[in-house]
Amino acid sequence: MVLGLRESLLGQRVQRVRIFCDRLLGQTTPSSLRRVRGGRVIGLNRKGKFLLFHLSNGSLLVFHLRMTGKLLLVPSASPLTSRDRLRLDFSGWDWALSFEDTRRFGSLDILHGCEAADGLLSELGPDALIVGLEDFRELLAESRRPVKALLLDQRVIAGLGNIYVDESLHRAGIHPRTPAADIPRPDSRLLHASMRSILRKAIGCRGSSVSDYRDSRNRPGSFQKHHRVYQRAGEPCITCREPIAYIRVSGRGTHLCPACQKHPADGRRSS
DNA sequence: GGGCTCCTGGAT
DNA sequence: ATCCAGGAGCCC
């Protein structure tokens with residue numbers, strides 16, 4: 001998402017911001033909206049699941065798409081629809097940025113100057129694509145929570161969601177309920193590697209479109225074609241043909257292969 | 001940890 | 001009608 005937006009938006013000057021959703025509006029103030037106007041997009045980055053628009057006037061727009069959010073480039077002349085939650089117009093450009101979000105869980109925070117370092121982003125753990133193997137191992141070693149819960153916790157490690165956690169654990173052969181600290185060194189190396197390669201590949205595929213995700217040019221992602229467990233309950237495991245199971249782990253629907261991903265306690269319990 | 005909440009819509 | 005969903009914050 002960032003890559004696609006960056007090539008089109010970088011250098012554009014914000015002409016106006018319109019918000020059509022009370023929830024989104026509640027997160028902003030009229031004065032902070034005013035301060036955004038006239039700023040040029042000088043940087044577009046990602047931090048975990050947050051999208052950061054740096055403007056030349058010191059404003060920082062922080063989007064989070066949550067489950068159903070989309071940032072779409074639309075012709076600036078295109079009429080507003082009931083799906084539009086926000087519209088960003090740019091000076092002298094025939095494209096606009098539209099934020100659509102069926103379930104309205106998405107967010108926009110507008111920060112200025114030094115505020116940018118506070119709150120929100122400061123709580124985030126290291127990005128899953130940046131954290132090194134040894135730091136990753138330390139994060140695991142410090143907790144006995146189920147490894148799935150740990151990987152989903154953005155304060156521990158930022159950027160992973162339900163799909164990529166399930167896929168990473170499957171490829172590393174780790175049961176999602178394994179206490180993180182119990183993961184042996186060879187397995188944590190595997191997990192670190194699979195997490196990185198899956199995220200890189202998924203980004204290359206422009207994400208996974210389980211239902212309605214679209215990139216900024218309204219194209220679905222294609223990584224769902226490479227899912228080995230997510231939404232494959234009952235279908236044979238790619239590696240061992242065992243049917244993929246569906247369970248609940250720390251409140252989240254979880255897909256795994258019961259044969260490839262053994263829980264360490266299973267052996268003890270059955271003997 | 002588990003459970004509930006914020007929302008809307010699709011599948012069954 | 002009921003269950004489920006790419007997320008995450010709040011409560012006990």
Side-chain angles (χ1 to χ4, degrees), chain A residues 1-2 19-27 46-51 62-72 81-86 99-109 119-125 127-128 142-170 175-182 195 198-199 201-203 205-216 218-234 244-255 263 265:
Chain A
M1 175 64 76
V2 163
I19 295 178
F20 313 103
C21 169
D22 290 343
R23 280 176 70 92
L24 269 188
L25 202 54
Q27 295 172 293
R46 178 186 67 81
K47 210 166 187 184
K49 300 178 187 174
F50 291 94
L51 299 174
V62 184
F63 285 95
H64 194 310
L65 306 183
R66 299 285 177 103
M67 313 264 277
T68 53
K70 302 176 205 169
L71 281 171
L72 300 169
T81 74
S82 59
R83 291 189 304 275
D84 280 276
R85 307 287 181 221
L86 169 149
F99 182 57
E100 294 188 2
D101 186 17
T102 305
R103 290 178 73 181
R104 306 174 200 242
F105 290 165
S107 62
L108 167 66
D109 289 85
L120 205 62
L121 305 168
S122 65
E123 310 249 312
L124 286 182
D127 191 275
E142 283 166 7
S143 172
R144 297 204 51 79
R145 293 165 68 191
V147 59
K148 167 149 183 172
L150 199 72
L151 295 179
L152 283 175
D153 188 337
Q154 304 297 302
R155 294 165 305 183
V156 175
I157 183 166
L160 293 171
N162 208 26
I163 296 177
Y164 301 118
V165 167
D166 282 4
E167 293 297 322
S168 301
L169 288 171
H170 175 257
H175 193 288
R177 287 200 178 113
T178 312
D182 289 351
M195 170 180 89
I198 283 168
L199 284 177
K201 200 181 255 181
I203 289 168
C205 288
R206 299 189 320 275
S208 303
S209 290
V210 165
S211 61
D212 55 4
Y213 174 75
R214 296 295 183 271
D215 75 356
S216 59
N218 209 18
R219 299 173 298 185
S222 60
F223 192 71
Q224 67 279 6
K225 294 173 189 159
H226 302 281
H227 291 174
R228 295 187 184 174
V229 288
Y230 191 81
Q231 287 207 329
R232 290 194 66 244
I244 298 303
Y246 178 79
I247 63 176
R248 202 152 282 271
V249 179
S250 22
R252 307 298 301 276
T254 299
H255 311 76
H263 192 288

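Letters go in sequence order (proteins before strands), and every chain restarts at 1. Side chains included, hydrogens not; waters and symmetry mates left out as well; all remaining heavy atoms used.
With sequence neighbours excluded, no residue forms a side-chain hydrogen bond (donor to acceptor under 3.5 Å, both in side chains) with H64(A). Contacts of R46(A) classified as side-chain hydrogen bond (donor to acceptor under 3.5 Å, both in side chains), with partners at least two apart in sequence or in another chain: D127(A). Partners of D166(A) according to the side-chain hydrogen bond (donor to acceptor under 3.5 Å, both in side chains) rule, which considers only residues two or more places apart in sequence or in another chain, are K148(A), H255(A). Residues satisfying the salt bridge (Lys or Arg N to Asp or Glu O under 4.0 Å) test with R177(A), not counting sequence neighbours, are none.
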Quiz prompt | Per-nucleotide protein contact string for nucleotides 6-12 of chain C, where B marks a base within reach and S marks sugar-phosphate only (heavy atoms under 4.0 Å, - for neither) | solution = BBS----
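In this structure, D101(A) atom CG and dT8(B) atom P are separated by 10 Å, rounded to whole Å. The interatomic distance linking L24(A) (CG) with dC6(B) (P) rounds to 18 Å, in whole Å. We find that NZ of K70(A) is positioned 15 Å from P of dT8(B), with the value rounded to whole Å. Spacing between atom OH of Y246(A) and atom P of dC3(C) amounts to 13 Å, rounded to whole angstrom units.
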Quiz item: Given Watson-Crick or G-U pairs with both distances under 3.5 Å, what dot-bracket string fits DNA chain C, with | for other-strand pairs and [ ] for crossing?
Solution: |||||.||||||
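Nearest heavy-atom pair, E167(A) versus H226(A), reported as atom, atom and distance to 0.1 Å: OE1-O, 4.2 Å.
Among V229(A), V147(A), T178(A), the one residue that satisfies the side-chain contact (heavy atoms from CB on, under 4.5 Å) test with L169(A) is V147(A). The salt bridge (charged side-chain N to carboxylate O under 4.0 Å, His left out) test with E100(A) singles out one residue from R214(A), R83(A), R85(A), and that residue is R83(A).
Of the N and O atoms on the side chains of R228(A) and Y230(A), not one donor lies less than 3.5 Å from an acceptor on the other residue.
Straight-line distance between the C1' atoms of dG6(C) and dG1(B): roughly 23 Å, to the nearest whole Å.
Look at dG6(C): its glycosidic torsion is within 90° of 0, and that puts it in the syn range.
Using cut-offs of 30° and 60° on the angle between ring planes, the pair H227(A) and Y164(A) is perpendicular.
Side-chain proximity of R145(A) to dC7(B), dG1(B), dC4(C): nearest is dG1(B).
R214(A) comes within contact range of no nucleotide atom at all, as no heavy-atom separation falls under 4.0 Å.
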